[in-house]
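The structure appears right after this line, and notes come after that.
Nothing here was measured: the structure is a model prediction, and the numbers come from that model.
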Amino acid sequence: LDLSKIEAHQLELENNPIDISLLMEQLISSYSIPVLKNGRELISLFPLFLPDKIYGDSSRIKQILANFLTNAAKFTLEGNITLELECKRFNSKKASLIFKVKDTGIGISEKDQKRLFTDYTQISDGIPYNLSGTGLGLSISRKIATLMDGDVGVQSKKGQGSTFWLEVKLNVSKTNHCIVDQEKIAKDLSLIIITKSYATKIFFEYYAKELGIEKKCFILSELNELHT
């Protein structure tokens with residue numbers, strides 16, 4: 001249905017305020033059970049400093065990212081999947097949002113990467129039949145991203161995982177805000193995290209840097225490392 005609307009130039013995009021933290025939360029909630037049930041880890045990382053208002057079509061952004069996450073879950077049999085966001089301002093009214101879905105899955109050959117976003121393309125090189133798909137989702141994702149003045153792409157190596165990215169250029173407000181009280185946290189908070197979870201380690205490293213407390217955040221795999 002989306003493909004036919006796009007080809008007929010009838011797909012209309014919304015331009016409404018987007019709650020980025022809610023969008024990311026909804027995506028992670030939707031995929032947490034199928035990912036975690038097989039012992040994999042799911043990580044969500046997004047900047048604490050964002051424009052006060054971001055305008056665009058949240059449902060279409062979610063559609064593309066859901067496609068990326070579905071593929072990541074399908075082709076990542078062990079390890080982790082990360083949903084990450086970067087925000088880069090062009091000027092006071094426009095910003096680029098770059099979403100990345102990173103996985104530790106089977107990876108994609110250079111030959112397949114070149115044709116991955118074309119209609120009805122499937123990756124067949126060394127992939128079991130039960131992991132194949134129709135090939136339409138990524139093609140539609142590129143077409144929708146283009147309508148949002150953006151693009152999609154992939155970086156991957158065979159056997160070393162993949163990073164699928166979506167970049168969209170959206171209208172934003174002039175001012176930024178931080179979703180937490182960074183000044184208070186940076187002043188009052190020190191952290192010692194003891195974990196063997198890769199996801200937990202990456203999560204705290206990322207947000208410690210975002211909050212400017214990386215020098216007061218210690219992440220250990222064993223309690224006895226405190227004494228070394």
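- No side-chain heavy atom of Y31 sits under 4.5 Å from any side-chain heavy atom of I81.
- Within a 6.0 Å radius of CD in Q155, other residues, nucleotides and ligands contribute 12 heavy atoms or fewer.
- In the model, Y55 has no side-chain atom that pairs as donor or acceptor with a side-chain atom of S173 under 3.5 Å.
- Checked for salt-bridge contact, E14 and R60 miss the test: no charged N lies under 4.0 Å from a carboxylate O.
- Across all their heavy atoms, Q113 and S156 have their closest contact at NE2-O, 2.9 Å.
- D57 has its side chain out of reach of N15: every pair of non-hydrogen atoms, C-beta onward, lies at least 4.5 Å apart.
- I54 contributes atom CD1, which lies 13.5 Å from atom CG of N16 (distance to the nearest 0.5 angstrom).
- Every residue meeting the ring-ring contact (aromatic ring centres under 6.0 Å, His included) condition with F68, not counting sequence neighbours, appears here in chain and number order: F164.
- Atom CD of residue E167 and atom NZ of residue K100 lie 10.0 Å apart, to the nearest 0.5 angstrom.
- In plain terms, the two heavy atoms of I28 and S44 that are nearest each other are CG1-CB, 3.5 Å.
- Cluster membership for V168 and I98, using ILVMFWY side-chain heavy atoms within less than 4.5 angstrom, is not shared.
- Taking each heavy atom of T104 and G79 in turn, the nearest pair found is OG1-CA, 3.3 Å.
- Atoms NZ and CD1, on K53 and I18 in that order, are 12.5 Å from each other to the nearest 0.5 Å.
- In terms of heavy atoms, C217 sits closest to F204 at SG-O, 4.3 Å.
- Looking at Y207 and L48, their side chains come closer than 4.5 Å, going by heavy atoms from C-beta outward.
- Ion pairing of E205 with K201 is present here, as a side-chain N (NZ or NE/NH1/NH2) and a carboxylate O approach within less than 4.0 Å.
- Closest non-hydrogen pair, A145 versus V152, comes out as CB-CG1, 3.8 Å.
- Atom CG of residue N67 and atom OG of residue S141 lie 4.0 Å apart, to the nearest 0.5 angstrom.
- Open room surrounds NZ on K93; 12 or fewer heavy atoms of other groups in view lie less than 6.0 Å from it.
- Environment of CG in L22: crowded, with over 12 heavy atoms of neighbouring residues, nucleotides or ligands closer than 6.0 Å.
- If you check the side chains of K143 and S139, you find a donor sitting under 3.5 Å from an acceptor.
- Scanning all heavy atoms of the two residues, the minimum distance from P47 to E86 falls at CG-CA, 4.5 Å.
- Applying the salt bridge (Lys or Arg N to Asp or Glu O under 4.0 Å) test to D151 and every residue at least two apart in sequence or in another chain returns R142.
- Residues R40 and E78 are not paired through a salt bridge, judged by the lack of any N-O separation under 4.0 Å between the basic side chain and the carboxylate.
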